[in-house]
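Before any comments, here is the structure.
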Amino acid sequence: CFNLLRSNSSRRKLPPGPYPFPIIGNALQLGQNPHRSLAKLSKTYGPLISLKIGSQTVVVASSPEMAKEVLLTHDHVLSGRTLIAAAEAQDHNINSMAFLPVGDAWRKIRKICKEQMFSTHQLDISEGLRRAKLQKLRDYVNECCVSGQAVRIEQAAFTTTLSLMSSTLFSVDFGSYDSNSSTQEYKEAIQGVMDTVSTPNLVDFFPMLRMIDPQGIKRRAEICLEKLLGIFENIINQRLESRRNNNNNTGGGLPKEKDMLEALLDLRQGNDEYDLSCNDIKHLLFDLFVAGTDTTAVTTEWVMTELLLNPEIMSNAKHELKTVVGDNAEIRESDLSKLSYLQAVIKENFRYHPTGPVLVPHKSETDVEINGYIIPKDAQILVNVWAMGRESSLWSNPTSFEPERFLDNKINMKGQDYKLLPYGSGRRVCPGQPLAHRMLHLIVATLIHNFDWKFEGIKGKDVNREEKFGMILRKGVPLRAIPIKI
Ligand code: HEM
């Protein structure tokens with residue numbers, strides 16, 4: 001009885017929201033597209049709402065003001081992560097930057113990422129590793145031109161990001177455009193991990209089911225994580241071996257790799273502040289690899305879809321590339337800052353098709369008061385950036401793709417403009433953004449500077465903007481397009 005009274009009184013102070021059904025709470029109200037259902041609910045109940053999913057309280061912020069409250073004003077207590085069963089596979093949760101609570105271990109990894117791995121200096125010295133991989137993309141699309149074959153854009157973008165990421169991280173090329181190659185295996189493992197962390201798991205909402213794992217999600221996660229972590233362990237061991245051999249070779253060994261693994265291993269020497277164990281490095285490579293590959297590939301597919309659906313915008317972007325890059329097939333990373341129209345296209349894409357529609361869920365570490373409402377300790381916090389991108393009070397013609405809206409303003413994507421937050425903001429902001437920015441612009445620029453594109457099939461019939469919800473918002477129907485050599 002005491003508990004009942006308590007839950008009723010705390011319910012009164014919670015942000016408003018639909019009344020929860022017993023046991024399941026509001027689960028059925030979320031449907032296939034929770035980002036859209038939550039956007040609708042926020043129209044009824046306001047920009048800060050609360051729901052119950054099983055035993056979990058979920059709070060959703062859907063306006064720039066509420067996003068700022070969550071990600072800036074109260075960021076220090078709202079930057080936790082809800083522990084989900086899938087993340088416990090291979091003890092990843094206790095080693096992972098993406099799942100560790102904000103504390104010393106997490107801070108150390110973030111500092112290394114910011115200052116050492118994703119610094120402009122480190123990215124500049126690893127540029128050469130990426131250049132050759134874009135040549136491979138051009139070669140592949142050229143072959144498709146010759147054979148008149150359509151390119152499955154998400155597949156090609158995935159292979160390219162896999163190639164760019166594995167080269168940047170440890171100078172091994174995992175990406176091959178040959179459909180029978182091991183690329184498919186990596187893809188399955190990476191997307192397997194993404195699926196296991198995105199699929200709503202009953203266990204996470206009804207903890208008493210933990211032992212049973214009724215959907216088998218934890219078991220699947222164990223398989224995918226074991227596979228990828230095993231690959232990274234081998235790569236680290238081989239690199240340690242070759243560093244030892246190089247040190248023993250007094251006549252000057254092989255030139256040092258310029259990749260991030262080498263930078264991480266160099267840092268360990270006599271530097272406690274940056275000292276990560278091999279186990280830490282293995283889990284870090286895993287996080288970067290999984291968080292960086294699929295996100296960038298899916299975003300590329302959305303950008304290409306919009307460019308194909310909007311021929312005038314495609315033509316403007318091509319014209320800018322011709323002016324800045326000239327007839328060179330190769331786009332240099334130093335060209336990117338001069339491509340303001342292309343940058344506007346990518347921003348507009350993030351507004352319209354944010355890759356993480358509700359960011360990655362945060363968790364409140366204590367009770368917090370926002371706008372007179374209590375966000376209880378351990379609540380899951382979502383920021384519905386998808387809803388903000390479609391809000392007509394924030395954007396004119398929100399359902400129309402208009403990169404021009406970003407040409408005359410200084411809105412950036414670094415987390416300072418709360419109406420455009422594709423990488424989040426505050427303590428948990430995406431650490432890989434500087435690399436993502438380069439990869440994304442390079443892949444799109446390479447595809448459109450060197451080729452014309454036309455839809456396979458009839459425009460409008462086969463190509464649409466249907467979405468498939470998950471931690472990443474995928475295209476419902478994959479884009480296939482036919483390249484034409486310019
Ligand atoms: C289009 C590309 C990308 C997008 C849209 C994106 C977006 C995001 C978002 C929204 C978050 C969650 C922020 C939050 O919790 O509030 C995040 C976290 C993260 N991202 Fe990215 N990301 C991208 C690419 C990358 C790349 C290339 C890497 C690494 C190489 C990366 C590594 C990470 C990691 C490790 C986290 C978790 C950080 C933490 O919890 O402390 N991401 N990203």
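Computed over heavy atoms, backbone and side chain alike; hydrogens, waters and symmetry mates excluded. Note that the structure is a prediction, hence the values are computed from the model and not measured. Whatever order the structure lists ligands and atoms in, that order sets their numbers, starting from 1.
In terms of protein heavy atoms, atom 10 (C) of ligand 1 is closest to P422 O, 3.4 Å. Shortest contact from atom 12 (C) of ligand 1 to any protein heavy atom: V360 CG2, 3.5 Å. Looking only at heavy atoms of the protein, atom 13 (C) of ligand 1 is closest to R428 O, 3.3 Å.
Counted within 6.0 Å of NZ on K347, heavy atoms from surrounding residues, nucleotides or ligands total more than 12; the atom is thus considered enclosed. Counted within 6.0 Å of CG on D104, heavy atoms from surrounding residues, nucleotides or ligands total 12 or fewer; the atom is thus considered open.
Those atoms of ligand 1 that come under 4.0 Å of a heavy atom in L359, given as number and element, are 10 (C), 16 (O). Short contacts between ligand 1 and M165, defined as distances under 4.0 Å to a heavy atom of the residue, involve ligand atoms 30 (C). Residue-ligand proximity, R110 to ligand 1, at heavy-atom distances under 4.0 Å covers atoms 38 (C), 39 (C), 41 (O). Applying the 4.0 Å criterion to heavy atoms of H362 picks out, from ligand 1, the atoms 14 (C), 15 (O), 16 (O). Shown in contact with T299 at under 4.0 Å from a heavy atom are these atoms of ligand 1, numbered in order with element: 1 (C). Residue contact check: T355 has heavy atoms under 4.0 Å from atoms 5 (C) of ligand 1.
Contacts between F118 and ligand 1, counted as non-hydrogen atom pairs separated by less than 4.0 Å, involve the side chain only. No part of F289 comes within 4.0 Å of ligand 1, judged by heavy-atom distances.
Ring planes of F174 and F289: perpendicular class, angle over 60° (limits at 30 and 60°). Relative orientation of the H92 and F286 rings is perpendicular, given thresholds of 30° and 60° on the angle between their planes. By the 30° and 60° cut-offs, the orientation of the rings of H441 relative to H437 is tilted.
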Test K114 against S119 for side chain to side chain donor-acceptor pair (under 3.5 Å), laying out the working first. CA-CA 6 Å; K114 182 163 187 239; S119 65; over 6 Å; no

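The only option from I381, L359, V429 that meets the side chain to side chain contact (heavy atoms under 4.5 Å, CB included) definition with L71 turns out to be L359.
Using a 4.0 Å cutoff on heavy atoms, R81 counts as a contact of ligand 1. Using a 4.0 angstrom heavy-atom cutoff, F99 does not count as in contact with ligand 1.
With sequence neighbours left out, K338 forms a salt bridge (charged side-chain N to carboxylate O under 4.0 Å, His left out) with D335.
Only protein N, O or S atoms were considered, and those under 2.8 Å from atom 21 (Fe) of ligand 1 are C430 SG.
Residue S425 has no N or O atom closer than 3.5 Å to an N or O atom of ligand 1.
Under a 3.5 Å cut-off, the side chain of S96 and the backbone N or O of N93 do not form any donor-acceptor pair.
Ring-centre distance between F401 and W395: not below the 6.0 Å cut-off.
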